[in-house]
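What follows is a set of notes on a single structure, which appears directly below.
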Amino acid sequence: MGSDSEAEKSHQKEKDKKKTQALAPIAKPLAGKKLCKRTLKLVRRAAEHKCLKRGVKEVVKSIRRGHKGKQSATGTNPIPVQVPMVGVCVIAGNISPIDVITHVPILCEESEIPYVYVPSKEDLANAGATKRPTCCVLVSTKPAKGQLSPEEQEKLKSDYDQVAAEVSELASSLF
């Protein structure tokens with residue numbers, strides 16, 4: 001019985017080693033095991049509440065557009081105002097060819113959106129509730145359509161704040 005668990009552990013170590021070998025050289029800041037687990041948990045929760053943008057095209061479009069808010073000085077005549085997107089961008093580190101995602105971190109930095117790399121696109125897709133491997137996702141605190149209940153909104157916001165703080169801390173330690 002002990003040999004089975006040892007075999008499983010060695011198999012898991014082999015898998016992890018393969019994931020780190022396939023990483024792109026630009027995959028910095030790379031989430032450690034603990035942050036990766038928290039980030040994927042946040043992605044899973046955001047996918048359940050439909051607060052997630054999947055794929056490079058959707059993520060880039062969301063970052064460029066931001067979300068439109070309405071602001072008016074007098075209360076009449078609402079004026080559309082470009083409000084920066086609030087979210088965390090999670091990028092897979094084992095993308096090939098790497099040119100597909102090289103512009104995403106630059107867009108995130110310009111828009112002041114924290115971003116982090118995770119080792120595997122397959123793990124990112126599983127957390128995001130898709131069958132196909134996913135290059136990147138953007139987690140926001142507000143759903144695309146409708147409203148969340150206050151408890152769900154609070155849980156999502158607390159997870160989001162925790163991950164965003166750790167990602168920002170990780171990024172600041174690199175640069």
Side-chain angles (χ1 to χ4, degrees), residues 6-48 50-67 82 84-141 144 156 158-175:
E6 288 175 21
E8 287 174 12
K9 284 180 185 178
S10 64
H11 182 67
Q12 186 64 32
K13 282 183 183 179
E14 233 175 82
K15 265 187 171 178
D16 290 342
K17 192 174 182 180
K18 283 182 182 178
K19 284 181 186 177
T20 55
Q21 285 177 344
L23 284 177
I26 66 161
K28 290 181 180 68
L30 183 67
K33 280 187 178 182
K34 197 173 186 181
L35 180 57
C36 185
K37 204 171 188 178
R38 277 197 189 126
T39 305
L40 293 177
K41 184 179 175 185
L42 174 67
V43 170
R44 190 172 297 114
R45 182 165 281 154
E48 288 171 6
K50 302 199 179 359
C51 299
L52 194 65
K53 302 286 184 185
R54 298 175 184 90
V56 176
K57 193 174 180 179
E58 264 188 68
V59 168
V60 168
K61 190 165 67 171
S62 294
I63 292 172
R64 284 201 175 129
R65 286 185 181 168
H67 65 277
Q82 196 75 9
M85 182 72 183
V86 177
V88 173
C89 188
V90 184
I91 308 168
N94 63 345
I95 300 299
S96 178
I98 195 172
D99 300 337
V100 174
I101 57 162
T102 51
H103 63 290
V104 175
I106 297 166
L107 284 172
C108 290
E109 286 175 7
E110 287 173 354
S111 300
E112 297 177 359
I113 295 175
Y115 67 93
V116 68
Y117 286 88
V118 292
S120 171
K121 61 185 176 185
E122 289 82 9
D123 292 345
L124 187 58
N126 288 339
T130 59
K131 293 177 184 173
R132 303 229 350 120
T134 305
C135 293
C136 60
V137 296
L138 183 68
V139 179
S140 64
T141 54
L156 185 64
S158 66
D159 284 353
Y160 169 82
D161 289 340
Q162 185 179 16
V163 169
E166 287 185 33
V167 167
S168 297
E169 186 180 310
L170 181 65
S172 65
S173 69
L174 281 177
F175 303 113

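The first residue in the sequence is number 1, and the count goes up from there. Note that this is a predicted model, so its numbers are computed, not measured.
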In Å and rounded to the nearest 0.5 Å, what is the [atom1] to [atom2] distance from [X] to [Y]?
X	Y	atom1	atom2	result
Thr130	Glu122	OG1	CD	10.5 Å
Arg44	Asp159	CZ	CG	11.5 Å
Tyr117	Leu30	OH	CG	10.0 Å
Arg45	Glu48	CZ	CD	7.0 Å
Ile101	Ile26	CD1	CD1	5.0 Å
Leu35	Gln162	CG	CD	9.5 Å

Least distance between heavy atoms, [X] atom then [Y] atom:
X	Y	result
Ser168	Pro114	OG-CB, 4.1 Å
Ala31	Cys36	CB-N, 3.8 Å
Tyr115	Lys28	CE1-O, 4.1 Å
Leu52	Gly128	CD2-CA, 3.9 Å
Cys89	Val59	SG-CG1, 4.1 Å
Lys121	Asn94	N-OD1, 2.9 Å

Is the backbone N or O of Ser140 less than 3.5 Å from a side-chain atom of Tyr160, with the two atoms forming a donor-acceptor pair by type?
no
Please indicate whether Glu169 has more than 12 foreign heavy atoms, meaning atoms of other residues, nucleotides or ligands, lying under 6.0 Å from its CD.
no
Where do Asp123 and Val118 land on the side chain to side chain contact (heavy atoms under 4.5 Å, CB included) test, with the steps shown first?
CA-CA 9 Å; Asp123 292 345; Val118 292; over 6 Å; no
Counting C-beta onward and ignoring hydrogens, is there a side-chain heavy-atom pair between [X] and [Y] closer than 4.5 Å?
X	Y	answer
His103	Val56	yes
Glu110	Ile106	yes
Ile113	Leu138	yes
Pro29	Val167	no
Leu42	Leu156	yes

